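Chain letters run A, B, ... following the sequence lines, proteins first, then strands; residues in each count from 1. Keep in mind the model is a prediction, meaning the values are calculated, not measured.
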Number of protein chains: 2
Amino acid sequence: MFRGQFLHKISKTGRISVPSKFRENLKKKHKTKNLILSTFENSIICYPYPEWIKLEAKISKLPQFKKETVEFERYLVGNAHECEIDNEGRIMIPGILRRNFKINNNAIFIGMLSRFEIWSENSWNKNLKKSFDKFQNSREVLDGI
Amino acid sequence: MFRGQFLHKISKTGRISVPSKFRENLKKKHKTKNLILSTFENSIICYPYPEWIKLEAKISKLPQFKKETVEFERYLVGNAHECEIDNEGRIMIPGILRRNFKINNNAIFIGMLSRFEIWSENSWNKNLKKSFDKFQNSREVLDGI
DNA sequence: TATATTATGCCAAAATATGACAAAATACGC
DNA sequence: GCGTATTTTGTCATATTTTGGCATAATATA
């Protein structure tokens with residue numbers, strides 16, 4: 001499972017090292033070095049390649065011409081980029097994603113169990129306050145189960 | 001059960017010894033040396049690893065793309081770091097948590113039955129007064145059961 | 001085709017985490 | 001109270017992870 005928060009730096013060429021804990025999980029649990037990066041809210045969402053494939057299988061079962069399907073596909077699939085983790089444990093975030101999310105120097109990795117997100121430090125901080133307020137609203141979700 | 005309050009020092013490298021009473025409980029009751037540290041309000045919350053896993057199992061059953069789920073995960077899972085108690089009974093608090101909670105030298109452990117919290121001495125003291133007021137408001141919770 | 005831009009591979013420095021050992025502080029039994 | 005055992009803290013050496021730099025390769029642009 002992907003958990004936790006990590007602050008890493010992006011090189012001028014757009015490379016960033018994936019947290020070693022994440023790499024370990026990718027290797028042990030997903031047996032892959034490949035990720036699919038796409039967009040989700042204000043962050044880059046990262047799926048282990050095999051998980052993404054499962055997601056695609058689900059998506060292709062949806063009614064093809066339905067408005068919601070089309071919009072969902074455009075957003076999630078239309079922004080998907082495959083990338084491989086190199087020998088130093090780094091990935092290269094495609095320029096277009098970097099530009100869209102204004103990720104220049106510092107980025108924050110957020111573990112989300114089956115996947116993880118990459119945020120620019122700025123927008124993560126902006127979201128922090130909101131995120132806590134929202135947590136306050138949803139904190140009892142688990143007590144209910 | 002985790003009970004009581006302990007004041008311990010943090011080393012320059014971010015290590016701190018877990019109260020021996022807590023270690024004993026972890027060993028006897030939970031049969032583990034591993035903890036998950038996450039954030040909760042103004043403190044670091046510590047779950048015995050097996051307890052955390054139960055929590056995760058619940059979380060991963062929630063609808064994955066639903067707004068509330070995502071926000072909940074970002075907050076609770078996004079801050080969760082696994083750590084192991086070493087031979088000297090210490091854990092290392094990840095830098096990012098130390099920074100977020102401004103825990104530098106002294107920290108306070110607070111037992112919370114199934115889990116425990118770690119506070120920076122400063123914010124614990126600040127919360128003391130408030131905490132008593134809140135207790136005043138909630139002191140009858142148990143009487144209702 | 002030449003040139004600029006972007007991506008990749010490789011090596012090494014810097015930063016951070018871990019393990020081992022010992023000193024200091026605290027708790028406990030008598 | 002005193003001596004002993006346990007717990008906590010400090011320090012150092014080593015290992016791992018992250019970052020920076022540079023040369024080369026691939027791709028896009030004029």
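- When the C1' atom of D/dT8 is taken as reference, atom CD1 of B/I118 falls 15 Å away, rounded to whole Å.
- Atom CG of B/L37 and atom P of C/dA17 are 13 Å apart (whole Å).
- When the P atom of C/dT18 is taken as reference, atom CD1 of B/I85 falls 14 Å away, rounded to whole Å.
- Remark: P of C/dG9 and CD1 of A/I91 are 14 Å apart, rounded to the nearest angstrom.
- Not less than 6.0 angstrom separates the ring centroid of B/H30 from the ring centroid of B/F22.
- Side-chain contact annotation: B/N34 with B/E84, donor-acceptor N/O pair under 3.5 Å absent.
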Protein-proximity profile, nucleotides 14-29 of chain D, B/S/- by nucleotide at the 4.0 Å heavy-atom cutoff, equals ---SSBBB--------
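- At its two ends the helix from C/dT1-D/dA30 to C/dC30-D/dG1 runs along axes set 40° apart, each axis drawn from five pairs and the angle rounded to 10°.
- Only at 4.0 angstrom or more do the heavy atoms of residues 94-106 of chain A sit from any atom of DNA chain C, so none qualifies.
- Of the charged side-chain nitrogens involved, at least one lies within less than 4.0 Å of a carboxylate oxygen, so that B/R74 and A/E117 count as a salt-bridged pair.
- Using a 4.0 Å heavy-atom criterion, one finds that B/D86 contacts no nucleic acid atom at all.
- Centroid-to-centroid, the aromatic rings of B/F65 and A/F72 come within less than 6.0 Å.
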